[in-house]
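All residue numbers in this chain count up from 1 along the given sequence. None of the values given here were measured: they were computed from a predicted structure.
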Amino acid sequence: MGLEEILKELGADIPFDEKGDLTSNGADAYEKLINVVTGLNSIGAIQEKPDDIESYCDEIVRLGSNESKIS
């Protein structure tokens with residue numbers, strides 16, 4: 001399951017636009033993802049720091065956006 005599928009699970013019908021950028025409902029789902037990660041970290045279910053996961057996901061979005069500009 002990739003980031004796009006995760007964001008769809010969190011309510012985004014179309015997480016990314018044709019340029020590879022987050023849509024408004026993609027951004028809402030992304031915010032939910034970070035909130036869930038933060039909560040899981042807070043209860044000790046995951047050890048990864050929310051900031052690290054957010055940075056990782058931001059890089060996926062950045063690379064996707066740049067890739068669509070190259071094509």
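- The CD1 atom of Ile34 lies 4.5 Å from the CD atom of Glu54; values are rounded to the nearest 0.5 Å.
- For Ile53, the side-chain contact (heavy atoms from CB on, under 4.5 Å) partners two or more places apart in sequence, or in a different chain, are Val37, Ile46, Glu48, Cys57.
- Between Tyr30 and Ile6, every side-chain heavy-atom pair lies at or beyond the 4.5 Å cut-off.
- A search for side-chain contact (heavy atoms from CB on, under 4.5 Å) contacts involving Glu4 returns Lys8, Pro15, Phe16, not counting sequence neighbours.
- Applying the side-chain hydrogen bond (donor to acceptor under 3.5 Å, both in side chains) rule to Asp28 yields no partners; only residues at least two apart in sequence or on another chain are considered.
- Listed by chain and number, the residues in a side-chain hydrogen bond (donor to acceptor under 3.5 Å, both in side chains) with Glu5 amount to none (sequence neighbours excluded).
- Checked against side-chain hydrogen bond (donor to acceptor under 3.5 Å, both in side chains), Thr23 has the following partners two or more places apart in sequence or in another chain: Asn25.
- Counted within 6.0 Å of CD1 on Ile14, heavy atoms from surrounding residues, nucleotides or ligands total 12 or fewer; the atom is thus considered open.
- Surrounding CD of Glu59 are more than 12 heavy atoms belonging to other residues, nucleotides or ligands, all under 6.0 Å away.
- At a threshold of 4.5 Å between non-hydrogen side-chain atoms, the residues Leu22 and Asp17 do not count as touching.
- In this structure Asp51 satisfies the side-chain hydrogen bond (donor to acceptor under 3.5 Å, both in side chains) test with no other residue, sequence neighbours excluded.
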